[in-house]
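Here the structure is laid out as structure tokens; the discussion comes afterwards.
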Amino acid sequence: MHLFSAMFLLVMLAGMPSEALYPSPEEGWQIYSSAQDADGKCICTVVAPAQNMCNRDPRSRQLRQLMEKVQNISQSMEVLDLRTYRDLQYVRNTESLMKVVDGKLKVASENPRSLNPKGFQELKDKVNQLLPLLPVLEQYKADAKMILRLREEVRNLSLVLMAIQEEMGAYDYEELRQRVLLLETRLHSCMQKLGCGKLTGVSNPITVRASGSRFGSWMTDTMIPSSDNRVWSMDGYFKGRRVLEYRTMSDFMKGQNFVQHLLPHPWAGTGHVVYNGSLYYNKHQSNIIIKYHFRSRSVLVQRSLSGAGYNNTFPYSWGGSSDIDLMADENGLWAVYTSIPNAGNIVISRLEPQSLEVLQTWDTGFPKRSAGESFMICGTLYVTNSHLAGAKIYFAYYTNTSSYEYTDIPFHNQYSHISMMDYNPRERVLYTWNNGHQVLYNVTLFQVIKTSGD
């Protein structure tokens, strides 16, 4: 079965390039559910490892340890060099004094009577001046022992390097590592270029952190492409104004390196989204959407979502002023809400990110109060049937065809109370806030890809 010249089906397990993505840090390249359908097309699920996988290789660790030893030896040699230079200067300065003492001792030995009390005292004084030379000589002895120890360490290093070389054979390990990194980069680039697919599965939950209250929201920038690695956290759903911004996902996990934004207007619910460096959120006790720019710390635009219910008029099943849910996917910015004319059924509106103008609207026919949460992937709204344990993805509405279907996609609601669930198209994962825990899910998308050989 030739994967690179024939058309094949790929079920892609998408994920974010961070340490939080993989349940086990030792996992590498993996292929799941490899199979062949009736038409001879390959069906598989691929997981790419983190970019630093090679750094966990035992030989790589050995090489790093050897480099540290070499560095320590180099530092010791520098100390020895400086100390030897200093002591040598001291010995040179006392050389003339030693010659004087030596001459006087020779005269005294040849003619003991010539050593009168005055001459004896002078000789004694000269010898006393040489006494500081004794510690220098002792240091020389210690340095000689250190040189022997360093020589032994260098010999051991040579033996280890020879063993690694024999184990690796004719291949250059660093060259192989760079080739693997290049292949990983190309694969991740390919993943970003893949077209949209249909959601067919959700992975087991990956708990990133436990922080905050029972309700809240957390996110990274959903804009494609983007190199922004910041993480934002918004605790609570009622009249909150404090947004914590972390430099990286690692900082968020450790609760360090963050700054605080105090929003000019309080928020309602947990349906916030960050898109292209700005926070989009629902203003408290209104159907107004606010666009807040993080860099300038200012509101760029605010606009009423005409007819949308607010203040727990049409929330999700868990309540929490979740009337208006803002989200983003591969197709842009969306608002999910409902209104009295729509009889409480979920309405989807695609928004223009700069002006917040409604570009197009769909009535899904699904009652919002029966939904636990919802999220958009590739222009399709997926709705869960509960926010509690046992929840599953129960309903899908396709905006490209204005059609819907009932689904049965289970997922593990580990902490039994989800108050936020959003898809990030850049990282292709689901972000959730689950009873004070910040949790990620990988998603499996089904899509047809044509290779360059077709």
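The structure presented is a predicted model; accordingly, all values stated were derived computationally and were not measured. Only this structure's heavy atoms are used, side chains among them; waters, hydrogens and symmetry mates stay out.
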- Task: Test side chain to side chain contact (heavy atoms under 4.5 Å, CB included) on Leu300 and Ser298 and set out the steps.
- Result: CA-CA 6 Å; Leu300 299 185; Ser298 62; 3.9 Å; yes

- Could you tell me whether the side chain of Ile206 reaches within less than 4.5 Å of the side chain of Val429, counting heavy atoms only? no

- Task: Using the side-chain hydrogen bond (donor to acceptor under 3.5 Å, both in side chains) rule, take Tyr431 and Thr220 through it: C-alpha gap first, then chi angles, then the decisive distance, then the call.
- Result: CA-CA 9 Å; Tyr431 280 70; Thr220 55; 2.9 Å; yes

- Is any side-chain heavy atom of Tyr423 less than 4.5 Å from a side-chain heavy atom of Met376? no

- Task: Show your working on side chain to side chain contact (heavy atoms under 4.5 Å, CB included) between Arg350 and Leu359 and close with a plain yes or no.
- Result: CA-CA 5 Å; Arg350 192 158 68 90; Leu359 301 176; 3.9 Å; yes

- Item | Candidate list Asn424, Asp228, Asn229, test side-chain contact (heavy atoms from CB on, under 4.5 Å), partner Asp221, passing option | Asp228

- Counting only N and O atoms by type, is there a donor-acceptor contact under 3.5 Å from the side chain of Thr364 to the main-chain atoms of Ile346? yes

- Mind checking whether Thr207 and Gln414 have side chains closer than 4.5 Å, heavy atoms only? yes

- Query: Should we say atom CZ of Arg242 is surrounded by more than 12 heavy atoms from elsewhere, each under 6.0 Å from it?
  - Reply: no

- Item | Side-chain heavy-atom pair Glu373, Asp325 within 4.5 angstrom cut-off | yes

- Query: Under 4.5 Å between any side-chain heavy atoms of Arg247 and Phe258, yes or no?
  - Reply: no

- In terms of heavy-atom contacts, Ile289 and Leu356 come closest through O-CD1, 3.5 Å

- Message: For the backbone of Met327 and the side chain of Asp422, can you confirm whether one donor and one acceptor N or O come within less than 3.5 Å of each other?
- Response: no

- Query: Do Glu245 and His261 have side-chain N/O donor and acceptor atoms under 3.5 Å apart?
  - Reply: yes

- Have a look at Phe215 and tell me which of Tyr316, Phe238, Trp433, Tyr237 forms a ring pair (Phe, Tyr, Trp, His ring centres under 6.0 Å) with it. Tyr237

- Message: Before you tell me yes or no, could you show the steps for Trp267 and His284 under ring pair (Phe, Tyr, Trp, His ring centres under 6.0 Å), namely the whole-Å CA-CA distance, both residues' side-chain angles and the distance that decides it to 0.1 Å?
- Response: CA-CA 5 Å; Trp267 71 69; His284 175 61; over 10 Å; no

- Message: Please give me the minimum heavy-atom distance between Phe252 and Ser233, naming the atom from each residue.
- Response: CE1-CB, 4.0 Å

- Task: Could you check Arg241 against His265 for side chain to side chain contact (heavy atoms under 4.5 Å, CB included), going step by step and ending with a plain yes or no?
- Result: CA-CA 7 Å; Arg241 294 179 60 197; His265 307 287; over 6 Å; no

- Query: Where the side chain of Asn434 meets the backbone of Gln438, is there a donor-acceptor pair that is under 3.5 Å apart?
  - Reply: no

- Between the side chain of Ser203 and the main-chain N/O of Asn442, is any donor-acceptor distance below 3.5 Å? yes

- Note on the structure: d(Asp408 CG, Ile393 CD1) to nearest 0.5 Å is 10.0 Å

- pair His272-Leu279: side-chain heavy atoms closer than 4.5 Å: yes

- Spacing of Trp334 atom CH2 and Phe375 atom CZ [to the nearest 0.5 Å]: 14.5 Å

- Message: In this structure, is the centre-to-centre distance between the rings of Tyr441 and Phe411 below 6.0 Å?
- Response: yes

- Specify the closest pair of heavy atoms between Arg303 and Ser355, including all atoms of both residues, with the distance to one decimal. NH1-O, 3.3 Å

- Message: Under a 3.5 Å threshold, yes or no: a donor from one side chain and an acceptor from the other, between Gln256 and Tyr246?
- Response: no

- Return yes if a side-chain donor-acceptor contact under 3.5 Å exists between Ser250 and Thr248, otherwise no. no

- Message: Does Tyr310, at its OH atom, have more than 12 non-hydrogen atoms belonging to other residues, nucleotides or ligands within less than 6.0 Å?
- Response: no

- Message: If we ignore hydrogens and angles and just use 3.5 Å, is the side chain of Asn413 paired with the main-chain N or O of Ser416 as donor and acceptor?
- Response: yes

- Query: When rounded to the nearest 0.5 angstrom, what distance separates OG in Ser322 from CG in Asn282?
  - Reply: 10.0 Å

- Message: Between Tyr382 and Leu199 (side chain of the first, backbone of the second, donor and acceptor by atom type, cut-off under 3.5 Å), is there such a pair?
- Response: yes

- Query: Under a 4.5 Å cut-off applied to non-hydrogen side-chain atoms, are His387 and Ser419 in contact?
  - Reply: no

- Can Tyr292 and Gln302 be said to form a side-chain hydrogen bond (donor to acceptor under 3.5 Å, both in side chains), step by step? CA-CA 9 Å; Tyr292 174 85; Gln302 51 183 311; over 6 Å; no

- Query: Closest approach of Thr222 and Ala328, non-hydrogen atoms and distance?
  - Reply: OG1-CB, 3.3 Å

- Query: Where the side chain of Thr200 meets the backbone of Thr444, is there a donor-acceptor pair that is under 3.5 Å apart?
  - Reply: yes

- Query: Under a 4.5 Å cut-off applied to non-hydrogen side-chain atoms, are Tyr275 and Tyr280 in contact?
  - Reply: yes

- Closest approach of Pro264 and Val299, non-hydrogen atoms and distance? CG-CG2, 3.4 Å

- Task: Apply the test side chain to side chain contact (heavy atoms under 4.5 Å, CB included) to residues Ser402 and Tyr397: give CA-CA distance (whole Å), side-chain angles for both, the deciding distance (0.1 Å), then the verdict.
- Result: CA-CA 7 Å; Ser402 299; Tyr397 187 89; 3.6 Å; yes

- Is the closest side-chain donor-acceptor distance between Tyr394 and Ser386 under 3.5 Å? no

- Can you measure from CE (Met219) to CE (Met420) and round to the nearest 0.5 angstrom? 5.5 Å

- Item | Donor-acceptor pair, side chain of Lys198 and main chain of Phe446, under 3.5 angstrom | no

- Query: Shortest non-hydrogen contact from Ala396 to Thr407?
  - Reply: CB-CG2, 4.0 Å

- Message: Please check if the number of heavy atoms outside Tyr404 that lie under 6.0 Å from its OH is greater than 12.
- Response: no

- Value for CH2 (Trp218) from OG (Ser211), rounded to nearest 0.5 Å, stands at 9.0 Å

- Do Asn287 side-chain atoms and Leu305 backbone N/O form a donor-acceptor pair below 3.5 Å? yes

- Task: With side-chain hydrogen bond (donor to acceptor under 3.5 Å, both in side chains) as the test, would you mind laying out the steps for Tyr281 and Ser217 before giving the verdict?
- Result: CA-CA 11 Å; Tyr281 71 96; Ser217 180; over 6 Å; no

- Query: Got more than 12 heavy atoms from elsewhere within 6.0 Å of CG, Leu388?
  - Reply: yes

- Taken to the nearest 0.5 Å, the spacing of Arg230 CZ from Leu244 CG works out to 13.5 Å

- Message: Any side-chain to backbone donor/acceptor pair from Thr399 onto Gly379? Under 3.5 Å, distance only.
- Response: yes

